[in-house]
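A, B, ... follow the sequence lines: proteins, then strands. Residue 1 opens every chain. Heavy atoms only: backbone and side chains are in, while hydrogens, waters and symmetry mates are out.
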Amino acid sequence: MSGSVVTRFAPSPTGYLHIGGARTALFSWLAAKKAGGKFLLRIEDTDRERSTQAAVDAIFEGLDWLGLKSDFEPEYQTKRFGRYREVIDEMLADGRAYRCYCSKQELDAMRAAQLARKEKPRYDGRWRPEPGKTLPPPPEGVTPVVRFRNPADGKVAFDDLIRGHVEYDNRELDDLIIQRSDGTPTYNFCVVVDDRDMGITHVVRGDDHVNNTPRQINILHALGQTPPVYAHVPMILGPDGVKLSKRHGAVGVIEYRAMGFMPEALLNYLVRLGWSHGDEEIFTRDRMIELFDVSQVQKSPARFDMKKAEWVNHQYLKVADPAVVAPEFDWHLRRIGLDPANGPALEAVIEAQRERCKTLVEMAEKSRFLYAELTGYDPKDAVKHLTAEGKQVLDDLRARLAALPAWEAPALHAAVHGYAEGCGLGLGKVAQPLRVAVAGAAVSPPIDVTLALLGRERTLARIAAAVN
RNA sequence: GCUCCCAUCGUCUAGAGGCCUAGGACGUCGCCCUCUCACGGCGCAAACCGGGGUUCGAAUCCCCGUGGGAGCACCA
């Protein structure tokens, strides 16, 4: 690939940004970045029935969160209807396309009859002009559709970066509709015109489009254009091996944000689905760009494995710059009704919690005691640790801690350990009651870190409350 | 029904004829570490869909079968 590479991601705004679509977008984006080229976002909204502004917004939100930015002003097909009309008129003028007056009912009947005969359903070309053929007179009051005059024989072939050489017989293809009776153009046609007009050199898209490719190439040829390079990436399956859908739970990219994923981690997991580089598992964005190669992408579909996705997220959380995680953590704290201002600095909490949290949802939950007053103790933990001896320990500890000149982890550590040793108690006998008193449950970061984060006042108050 | 595609541990994958007694990772299980939960360390179990070829030799090449997927719209 040369420096003039331009790839695109062309979703239709009929719903949220699907996780599979996100991976396709990532691959497309990577292919461009890898070549030092550019990436374009194009909204394919020619289906006015199903396209919605909410879906457009959702696509932007998802892509934005993932950091997959379009290098150009996003394109909208609905803004290009004039252009499509222009090309169709040219094709109509010299016979590369023609009008067809078949009604939908007529076409349905045709299809049904063919299926009954166990044939592949296809338009029979009844309105296709042929030398020496007399066409029926156009019926009254019927607005025709426009069909592309596909080559009747020969073959169409292309070399897919992922699938290799693919060849189709033109006889398998029929004359597809490129303009509906309401005058709007259809997908296969718009894609071709757009990819050409926008200088797309590499088409990286889902492999549900493989079968459309020969048709598009034929149109491209009719337009006197050389086809771009194609790379059809397989889709993502649910854990059960069936096409990923809402039935499996989260499918929208934004839902992954809500589940506590960091965008880079999600990207990392996604890139490993169908692609690998030796034994490496963790790839930063730059590393991906450096190593990625579309032609190495697996041909077969991959299943989404939440466990591994969470592992990747955890790996990322453990080494990320807390300052980068903080805004996202902030978002999650607010989401569960906590005020980030009513507690320790986010960065410090992130550093204390990151090793025990696979997701930011977990981190937010486990940090609740730092941002809100305790509403009670975990029943089991209270019974086990807030015993008479436990309370005695707490009482002793409160006095010792209150006397500490500096409220910092090392000093707190020394105080707690010193007390335990002095009483000949195991640390567990001391740290656990303290943990329950202060965090509400028997789980928290190391006790000294926990106390340091909580602060002197809250710690002392909670210990006192626990003793009573 | 027709056309096209795919096929290595439960999952993601390495593997491009001998380096494979098939490697790594997630997950699972066991052990160690330990103030809780984790992190970390160590270890076990776990796969070449089936059948034919080709070859001295096949996970790797070919054919058939099986299983899975996509498309065949006035959807994209």
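At a cut-off of 3.5 Å, with distance as the only test, a side-chain donor of A:Arg435 or A:Gln432 sits close to an acceptor on the other residue. With 3.5 Å as the limit, one finds no donor-acceptor pair spanning the side chains of A:Asn188 and A:Thr186. For the residue pair A:Tyr84/A:Asp194, the side-chain donor-acceptor check at 3.5 Å is satisfied.
At the heavy-atom level, A:Thr184 lies nowhere under 4.0 Å from the strands shown. Among the atoms of the strands shown, base atoms are found under 4.0 Å from some heavy atom of A:Ala442. As judged by a 4.0 angstrom heavy-atom cut-off over every strand, A:Lys118 is placed among residues touching the sugar-phosphate backbone only. Among the heavy atoms of the strands lying under 4.0 Å from A:Arg111 are primed sugar atoms or P, OP1, OP2 only; no base atom is included. Counting any heavy atom pair closer than 4.0 Å across all strands shown, A:Tyr168 reaches sugar-phosphate atoms only and no base atom. Residue contacts shown for A:Gln298 are limited to sugar-phosphate atoms, with no base heavy atom under 4.0 Å away. Across all strands, A:Asn212 comes closer than 4.0 Å to base atoms (heavy-atom distances). Across all strands shown, A:His209 has heavy atoms under 4.0 Å from base atoms, whether or not it also approaches the sugar-phosphate. Nucleic acid contact for A:Val210: none, since no nucleic acid atom lies under 4.0 Å from a heavy atom of the residue.
Within residues 97-110 of chain A, the residues approaching RNA chain B are A:Cys102, A:Lys104, A:Leu107, by heavy-atom distance under 4.0 Å. For the segment residues 415-434 of chain A, residues with any heavy atom less than 4.0 angstrom from an atom of RNA chain B are, sorted by number, A:Leu427, A:Gly428, A:Ala431, A:Gln432. The stretch residues 262-274 of chain A touches RNA chain B through A:Arg272, A:Leu273, A:Gly274, each having a heavy atom under 4.0 angstrom from the strand. Annotation: proximity of residues 349-357 of chain A to RNA chain B (heavy atom, distance under 4.0 Å) is found for A:Glu355, A:Arg356, numbered in ascending order. Contacts between residues 444-451 of chain A and RNA chain B, defined by a heavy-atom separation under 4.0 Å, are made by A:Ser444, A:Pro445, A:Pro446, A:Ile447.
A salt bridge is defined here as a Lys NZ or Arg NE, NH1 or NH2 lying under 4.0 Å from an Asp or Glu carboxylate O, and A:Asp197 with A:Arg80 meets this definition.
A:Leu425 pairs by the side chain to side chain contact (heavy atoms under 4.5 Å, CB included) definition with A:Val393, A:Cys423, A:Lys429, A:Val430, not counting sequence neighbours. By the side-chain hydrogen bond (donor to acceptor under 3.5 Å, both in side chains) test, A:Thr213 pairs with A:Arg205, A:His232, sequence neighbours left out. Under the rule for a side chain to side chain contact (heavy atoms under 4.5 Å, CB included), the partners of A:Arg272 that lie at least two apart in sequence or sit in another chain are A:Asn268, A:Ser276, A:Glu281, A:Phe283, A:Lys308. A search for side-chain hydrogen bond (donor to acceptor under 3.5 Å, both in side chains) contacts involving A:Arg128 returns A:Glu130, A:Asp175, not counting sequence neighbours. A:His221 pairs by the ring pair (Phe, Tyr, Trp, His ring centres under 6.0 Å) definition with nothing, not counting sequence neighbours.
Legend: ring pair (Phe, Tyr, Trp, His ring centres under 6.0 Å) pairs involving residues 167-194 of chain A, not counting sequence neighbours, sorted by first then second residue: A:Tyr187-A:His209. Here ring pair (Phe, Tyr, Trp, His ring centres under 6.0 Å) pairs that include residues 101-129 of chain A, with residues two or more places apart or in two chains, are A:Tyr101-A:Trp127.
Across all strands shown, B:C35 remains unpaired; no Watson-Crick or G-U wobble contact has both distances below 3.5 Å. Nucleotide B:A7 forms a Watson-Crick or G-U wobble pair with B:U66, both donor-acceptor distances falling under 3.5 Å. In a base pair of the Watson-Crick type (N1 to N3 plus N6-O4 or O6-N4) or a G-U wobble (N1-O2 and O6-N3), with each distance short of 3.5 Å, B:A22 is matched with no nucleotide.
By the 4.5 Å heavy-atom criterion applied to side chains, A:Ile350 and A:Leu317 are not counted as neighbours.
Per the geometry, CZ belonging to A:Phe158 stands 13 Å off P belonging to B:C4, to the nearest Å.
When atom types are taken as modelled, the side chain of A:Arg50 and the backbone of A:Gly15 share no donor-acceptor pair closer than 3.5 angstrom.
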